[in-house]
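Per chain, numbering begins at 1; letters A, B, ... match sequence-line order. Quantities reported herein were computed from a predicted structural model and do not represent experimental measurements.
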Amino acid sequence: MKIYNTLTRQKEEFVPIEEGKVRMYVCGPTVYNYIHIGNARPMIMFDTVRRYFEYKGYEVNYVSNFTDVDDKIIKAAIEEGTDAHTISQRYIEECKKDMEAMNIKPATCNPLATREIDGMIRMISTLIEKGHAYAAEDGTVYFRTRSFKEYGKLSHKNLDDLQAGHREIKVTGDSTKEDDFDFVLWKPKKEGEPFWKSPWCDGRPGWHIECSVMAKHYLGDEIDIHAGGEDLIFPHHENEIAQSECCNDKTFARYWMHNGFLNIDNKKMSKSLGNFFTVREISEKYDLQVLRFFMLSAHYRSPLNFSAELMEASKNGLERILTAVERVREKAEKASGEMTDQEKSVIDQDMAALVRKYEEAMEDDFNTADAVSAIFELVKLMNTAVTDKSSGAFDRTLLEEVEKLCDILGIITEKKEELLDADIEEMIARRQEARKAKNFALADQIRDELAAKGILLKDTREGVKWTKA
RNA sequence: GGCGUCGUAGCCAAGUGGUAAGGCAAUGGUCUGCAACACCAGUAUCCGCCGGUUCAAAUCCGGCCGACGCCUCCA
């Protein structure tokens with residue numbers, strides 16, 4: 001399996017630290033509001049990575065944090081006249097609902113920054129002892145960036161270039177720093193802010209130290225994969241490496257994976273541009289499976305543009321897959337019989353080739369766009385090869401394979417059991433009678449009425465089917 | 001100023017040296033009472049532009065144009 005490693009800027013063969021196991025850390029959201037669709041991209045893509053590893057038989061320890069103390073959370077709390085804890089708890093719960101609707105598997109562990117303060121204090125103390133950090137007079141603790149020789153290895157920057165190429169390295173009058181590039185590990189509390197006691201001052205941790213500590217706590221000093229959005233490469237991930245490697249004297253993460261940004265109209269999504277969507281907003285219009293499928297349509301490292309048209313296209317494409325699976329599932333339930341030689345050859349040749357295509361795509365740095373195309377080709381195979389005459393064994397073999405491959409991508413093929421109101425059931429029955437009597441005018445009229453209520457009918461060989469608009 | 005990414009049909013998107021996957025949309029046909037689904041058919045002589053390397057390039061090299069990202073909180 002090949003993974004593109006930001007550290008080396010190359011695809012590398014994945015070799016786990018521990019045979020058969022994957023230790024993976026994904027930077028999670030800061031919970032000060034509903035998550036936006038940009039937050040959803042790493043969640044969906046790295047969940048897919050995890051699913052593929054599990055499919056290959058790995059045991060994955062998947063850790064993803066919630067940053068629950070931060071300026072934005074505090075600001076939101078002040079605006080609402082409540083406390084930071086209330087805000088973060090609320091949005092963690094809402095975030096989990098969104099994740100479930102996107103069929104993202106719960107992480108092995110979702111650590112909270114505020115529950116890991118002791119570990120942070122320990123790590124900061126160690127860094128100070130080793131000379132990699134220092135406390136200023138006001139109690140702020142800084143990391144001594146230049147003390148880590150490899151600083152910049154992930155983002156491929158070097159401090160002197162940054163200094164030379166400085167575009168107004170303004171760094172507000174932080175005169176207590178020894179160097180402009182030093183960053184905060186611990187900062188003093190301000191009036192009304194949550195704080196914890198520490199050897200340096202009452203205060204709270206800097207953002208970067210949180211992830212280093214949580215990764216160490218739940219995954220150990222060395223991890224296999226560390227992932228997140230590409231904007232985190234610098235400075236967040238760079239700083240994590242500095243902290244962790246200076247503290248533990250071990251390589252922090254072997255593989256660094258970063259997803260590209262989700263754009264709107266080719267522009268970065270931002271509140272100021274007014275092109276900002278929360279996952280919750282999208283869920284009002286679409287099943288979030290559609291959002292997931294949309295994200296899978298591009299490689300995770302490419303920028304991806306979001307628009308209503310593309311969501312429509314994704315919805316239709318997903319529908320094609322789901323319709324085909326549904327039809328075969330119903331047919332397979334009834335069909336019996338062993339495979340003919342010809343069917344065996346379709347399975348061994350055609351289906352096997354597509355499964356291979358799918359796996360090769362996934363093993364090549366998780367090329368989900370290609371993997372999806374293999375599923376479409378499998379759908380075509382099902383649509384043509386599963387007929388009245390095909391054997392039950394054949395139908396089920398194809399069905400199970402497609403279900404399995406969809407599941408790796410997190411696409412749910414099982415249709416949710418939904419019930420209709422009695423009056424709608426009655427209308428459908430009346431329309432069937434009208435059709436039997438060849439009273440098509442009445443039948444069409446009823447169909448239009450149902451459509452107005454958001455119920456779309458299809459007459460199939462297996463009977464009347466309905467879907468919600 | 002430094003470091004990067006991208007430019008493939010109307011749209012999305014894979015392909016990164018051997019002669020253009022897949023999907024959406026649109027068109028014609030088959031099926032269907034009609035519609036929907038499904039199937040069949042054709043659909044980029046060509047991969048931003050200009051040069052170069054090679055038997056062979058969308059794929060490698062150079063230049064240009066265009067879009068974008070990071071360097072500051074940010075998925």
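- In this view, A:E377 and A:L354, A:K357, A:S373 satisfy the side-chain contact (heavy atoms from CB on, under 4.5 Å) rule, not counting sequence neighbours.
- The interatomic distance linking A:H226 (NE2) with B:A75 (P) rounds to 13 Å, in whole Å.
- A:L262 has its CG atom 14 Å from the C1' atom of B:C12, to the nearest Å.
- With sequence neighbours excluded, the residues that form a side-chain hydrogen bond (donor to acceptor under 3.5 Å, both in side chains) with A:R280 are A:E94, A:D98.
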Notebook entry, point to check: Which parts of nucleotides 29-40 of chain B does protein reach within less than 4.0 Å, heavy atoms only, written one letter per nucleotide 5' to 3' as B for base, S for sugar-phosphate only and - for none?
Noted result: ----BBBBSSSS
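- If you take CD1 of A:I411 and P of B:G22, they are 18 Å apart, rounded to a whole angstrom.
- B:C68 and B:G62 are spaced 24 Å apart, taking the P atom of each and rounding to whole Å.
- With the nearest nucleotide of RNA chain B identified for both A:F261 and A:F376, A:F376 has the one nearer the 5' end.
- The C1' atoms of B:U19 and B:A25 are separated by 29 Å, rounded to the nearest whole Å.
- Contacts of A:N259 with the nucleic acid, taken as non-hydrogen atoms under 4.0 Å apart, include base atoms.
- When the P atom is compared between B:A21 and B:U43, the two are found 11 Å apart, to the nearest whole Å.
- Regarding A:E210, its CD atom lies at a distance of 14 Å from the P atom of B:C73, rounded to whole Å.
- Under the Watson-Crick or G-U wobble criterion, with both distances below 3.5 Å, B:A67 is paired with B:U5.
- Dashed line: the shortest gap from a side-chain N or O of A:N316 to OP1 or OP2 of B:A25 is under 4.0 Å.
- The distance from atom NZ of A:K11 to atom C1' of B:G15 is 10 Å, rounded to the nearest whole Å.
- Residue contacts for A:H236: at a heavy-atom cut-off of 4.0 Å it reaches no nucleic acid atom on any strand shown.
- With sequence neighbours excluded, the residues forming a side-chain contact (heavy atoms from CB on, under 4.5 Å) with A:E193 are A:I74, A:K190, A:R204, listed by chain and number.
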Next item on the list: If a protein heavy atom is under 4.0 Å from the base, mark B; if only from the sugar-phosphate, S; if neither, -; do that for nucleotides 3-11 of chain B going 5' to 3'.
Entry: SS------S
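- Taking atom P on both nucleotides, B:C61 is separated from B:A20 by 23 Å, rounded to a whole Å.
- Listed here is the closest heavy atom pair of A:I124 and A:L185: CD1-O, 3.5 Å.
- To the nearest whole angstrom, the two P atoms, one in B:C70 and one in B:C37, are 41 Å apart.
- In this entry the distance linking CZ of A:F294 with P of B:G22 reads 22 Å, nearest Å.
- Looking at heavy-atom distances under 4.0 Å, A:G228 makes contact with sugar-phosphate atoms alone, never a base.
- B:A9 and B:A44 are spaced 5 Å apart, taking the C1' atom of each and rounding to whole Å.
- Note on A:I233: nothing from the nucleic acid sits closer than 4.0 angstrom, heavy atoms only.
- Going from the C1' atom of B:G10 to that of B:U5 covers 26 Å, rounded to whole Å.
- Comparing the same atom, P, in B:C47 and in B:A58 gives a spacing of 7 Å after rounding to whole Å.
- Ion pairing between a basic and an acidic side chain is recognised when a charged N comes within 4.0 Å of a carboxylate O; A:K334 and A:D388 show no such pairing.
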Note to self: Assess the residue pair A:F306 and A:F294 against the criterion (ring pair (Phe, Tyr, Trp, His ring centres under 6.0 Å)); give the C-alpha distance rounded to whole Å, side-chain angles, the decisive distance to 0.1 Å, and a yes or no.
What the structure shows: CA-CA 9 Å; A:F306 179 89; A:F294 161 71; 5.6 Å; yes
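- Of all nucleotides present, none satisfies the Watson-Crick or G-U wobble test against B:A58 with each distance under 3.5 Å.
- Partners of A:K11 according to the side-chain hydrogen bond (donor to acceptor under 3.5 Å, both in side chains) rule, which considers only residues two or more places apart in sequence or in another chain, are A:D364.
- Legend: residues meeting side-chain hydrogen bond (donor to acceptor under 3.5 Å, both in side chains) with A:T48, ordered by chain and number and at least two apart, are A:R292.
- In this structure, A:H36 and A:F293 both approach RNA chain B, and ranking their closest nucleotides by distance from the 5' end singles out A:F293.
- Residues A:D444 and A:R431 are not paired through a salt bridge, judged by the lack of any N-O separation under 4.0 Å between the basic side chain and the carboxylate.
- With sequence neighbours excluded, the residues satisfying side-chain hydrogen bond (donor to acceptor under 3.5 Å, both in side chains) with A:T6 are A:H258.
- Distance from the side chain of A:A313 is smallest for B:C24 among the nucleotides B:G22, B:G15, B:C24.
- Residues meeting the side-chain contact (heavy atoms from CB on, under 4.5 Å) test with A:P303, sequence neighbours left out: A:N263.
- Considering only side-chain N and O atoms, A:N367 lies under 4.0 angstrom from the phosphate OP1 or OP2 of B:G15.
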